[in-house]
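Chain identifiers are assigned alphabetically (A, B, ...) following the order of the sequence lines, protein sequences preceding nucleic acid strands; residue numbering begins at 1 within each chain.
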2 protein chains.
Amino acid sequence: MTNTTENTESTILKAAKTVFLKKGMDGARMQEIADEAGINKALLHYYFRSKQQLFEAVFLNAFSLLAPQLNYILNDDSSVQDKIIKFTHNYITFISQHPYLPNFVIQEINRNPDFAIQIKERPQFPDIKKFKIQVDLEVKAGVLKPIKAEQLFINIMSLSIFPFIGKPLLKAFLNTDENTFSNIIEERKTVVAIFIMNSIKA
Amino acid sequence: MTNTTENTESTILKAAKTVFLKKGMDGARMQEIADEAGINKALLHYYFRSKQQLFEAVFLNAFSLLAPQLNYILNDDSSVQDKIIKFTHNYITFISQHPYLPNFVIQEINRNPDFAIQIKERPQFPDIKKFKIQVDLEVKAGVLKPIKAEQLFINIMSLSIFPFIGKPLLKAFLNTDENTFSNIIEERKTVVAIFIMNSIKA
DNA sequence: GTCTATAGCCAGATAGAC
DNA sequence: GTCTATCTGGCTATAGAC
């Protein structure tokens, strides 16, 4: 019976995730989530009380998929170069499999900046401190050209994430179909790291 | 009297822009737009018939602010390097003054991909053809390291636009306040071009 | 735990006076 | 052209049967 409960609850969460990620908090409908889960609308309220609470469960789940991976680039002990090569490959691969994730998280934080505050309280929240020290050291040692860790971090994030968020726009500008665009993304798993390292390797 | 009409109409458009850009189509309320314009809700319908039509007027206006600037990097005759330096500086400066714009346009295209199709029909819609030829030529001439024009274009867009879309998230990760983040953006008006050119200059 | 039925509210849209 | 008042539909949430 605990099993049944957990199954229904996770069925709801999965359906809610599908709908919220595509439509956002404002665009999502409880009825659509219920349909997606193959159950009744009232049951959603039985398990999660309100749309808001269901949404928050989905949001925190989504965020906890995206954020911890950043700890790798921020806190691992290997060289900046090694981390950039591995991170961009892994992150682009991961987002390819969850293309709605970054747009959803960013959109909802923009809608309600309080989320950003809540999130910072959580354990495992990525912190740039160590990365900053490492970059400064490698710059001083002459391994990297002069660059601020903050700018480098923003560049890595931008190059990894934006193509997914801006996909429909980029597809239009590049005048490509779905397949060609997928190939371009596939290429980025390697060319992003090359692009970055060409720029900063001393 | 034509004047009065145009004034009311543009007052409504301005108010609608303010609200739609912040809240998006789904989050915006006609009442809020009416309040922002200092007029009555019924008047919105008198001028624009429906929320959808008012929204589309705002969307097309927003898009027509963002897109034509791309024609500079895509179609101007100066060298790739010159264009990147000028474009990143100008675009980041422009978006700094209209920070909600890119997020709004991208969000709404993601919500309704039909917009992307409609938009492509418009005159002045940016086209990458000429840029592609130019990049290929400069690569062949040994001015640039080997890079595909499509990837370079995506990189330029990503580095210019993403920091605005991802601002609350980046602020949290970097653990910076509003002021520090503004300074980082200010720096990007020059460092983005340096970052790109370091990477691709042969 | 799960359903049907419905309460209650809110938002977009319209009618009609001025 | 602009307003007040109101209709109508749709959505979240709850009541209550099973």
Side-chain angles (χ1 to χ4, degrees), chain A residues 1-62 104 107-108 110-112 114-115, chain B residues 1-62 100 104 107-108 111-112 114-115:
Chain A
M1 359 163 162
T2 308
N3 246 346
T4 313
T5 292
E6 278 176 15
N7 282 340
T8 304
E9 190 171 322
S10 64
T11 303
I12 292 174
L13 269 176
K14 203 182 153 199
K17 197 170 160 180
T18 304
V19 175
F20 275 130
L21 258 67
K22 242 190 272 192
K23 309 256 175 119
M25 172 64 177
D26 291 332
R29 294 292 165 256
M30 293 298 266
Q31 184 60 59
E32 194 177 351
I33 295 172
D35 293 348
E36 176 77 27
I39 57 159
N40 194 277
K41 219 174 34 157
L43 212 49
L44 301 180
H45 287 93
Y46 177 80
Y47 278 93
F48 290 91
R49 235 194 118 65
S50 71
K51 183 184 181 184
Q52 180 64 25
Q53 282 187 41
L54 178 54
F55 170 78
E56 286 182 18
V58 169
F59 178 82
L60 290 178
N61 173 262
F104 169 73
Q107 190 53 32
E108 297 301 330
N110 276 329
R111 195 177 58 82
N112 181 4
D114 286 352
F115 279 132
Chain B
M1 3 168 158
T2 308
N3 247 346
T4 313
T5 292
E6 278 176 15
N7 284 338
T8 304
E9 190 170 322
S10 64
T11 303
I12 292 174
L13 269 175
K14 204 182 152 198
K17 198 171 160 179
T18 303
V19 175
F20 276 130
L21 257 67
K22 243 189 270 189
K23 310 257 175 117
M25 171 66 177
D26 291 333
R29 294 291 165 256
M30 292 297 266
Q31 185 60 58
E32 195 177 350
I33 295 172
D35 293 347
E36 175 77 26
I39 57 158
N40 194 277
K41 216 173 38 155
L43 212 50
L44 300 179
H45 287 92
Y46 176 79
Y47 278 93
F48 290 91
R49 233 193 121 69
S50 71
K51 184 185 182 185
Q52 179 65 25
Q53 282 187 42
L54 178 53
F55 169 78
E56 287 182 17
V58 169
F59 179 82
L60 290 178
N61 174 263
Y100 287 109
F104 169 73
Q107 190 52 32
E108 297 302 330
R111 196 178 56 84
N112 181 3
D114 286 351
F115 279 132

Problem - Spatial distance of atom CZ (A/Arg111) from atom CE (A/Met25) [nearest 0.5 Å] - result: 6.0 Å
Problem - Check: B/Leu44 and B/Ile33 side chains under 4.5 Å, non-hydrogen atoms - result: yes
Exercise for the section: Respond yes when some side-chain nitrogen or oxygen of A/Thr8 is under 4.0 Å from OP1 or OP2 of C/dT2, and no when none is. Expected result: yes
Practice task
Could you list by number each residue of residues 19-38 of chain B showing a heavy-atom separation from DNA chain C of less than 4.0 Å, or answer none if no residue does?
Solution key: B/Ala28, B/Arg29, B/Met30
Exercise for the section: Drop me the distance from A/Met30's CE to A/Asn40's CG, to the nearest 0.5 angstrom. Expected result: 11.0 Å
Exercise for the section: Return the minimal non-hydrogen interatomic distance between B/Ile12 and B/Leu43, and the atom names on each side. Expected result: CD1-O, 4.2 Å
Fill in the blank from the handout: Residues in residues 53-60 of chain A with a heavy atom under 4.0 Å of DNA chain C, by number, are none
Handout entry: Any side-chain heavy-atom pair of B/Tyr47 and B/Leu54 under 4.5 Å
Key = no
Practice task
Assert yes or no for the condition that the ring centre distance of A/Phe55 to A/Phe20 is strictly below 6.0 Å.
Solution key: yes
Exercise for the section: Begin with the C-alpha distance, continue with both residues' side-chain angles, and end with the deciding distance and a verdict on side chain to side chain contact (heavy atoms under 4.5 Å, CB included) for B/Tyr100 and B/Thr18. Expected result: CA-CA 9 Å; B/Tyr100 287 109; B/Thr18 303; over 6 Å; no
Practice task
Let me know the distance between CG of A/Leu43 and C1' of C/dT4, rounded to the nearest Å.
Solution key: 13 Å
Handout entry: Counterpart residues, side-chain contact (heavy atoms from CB on, under 4.5 Å), relative to B/Ser50 (two or more places apart)
Key = B/Gln52, B/Gln53
Quick one: which protein N/O atoms are closer than 3.5 Å to N/O atoms of nucleotides 14-18 of chain C? Pair and distance per line, please.
none

Problem - Of all pairs that satisfy salt bridge (Lys or Arg N to Asp or Glu O under 4.0 Å), the ones with a partner from residues 32-46 of chain A, not counting sequence neighbours - result: A/Lys23-A/Glu32
Problem - Residues which pass side-chain contact (heavy atoms from CB on, under 4.5 Å) with A/Lys17, listed by chain and number, not counting sequence neighbours - result: A/Leu21, A/Val58, A/Asn61, A/Leu65
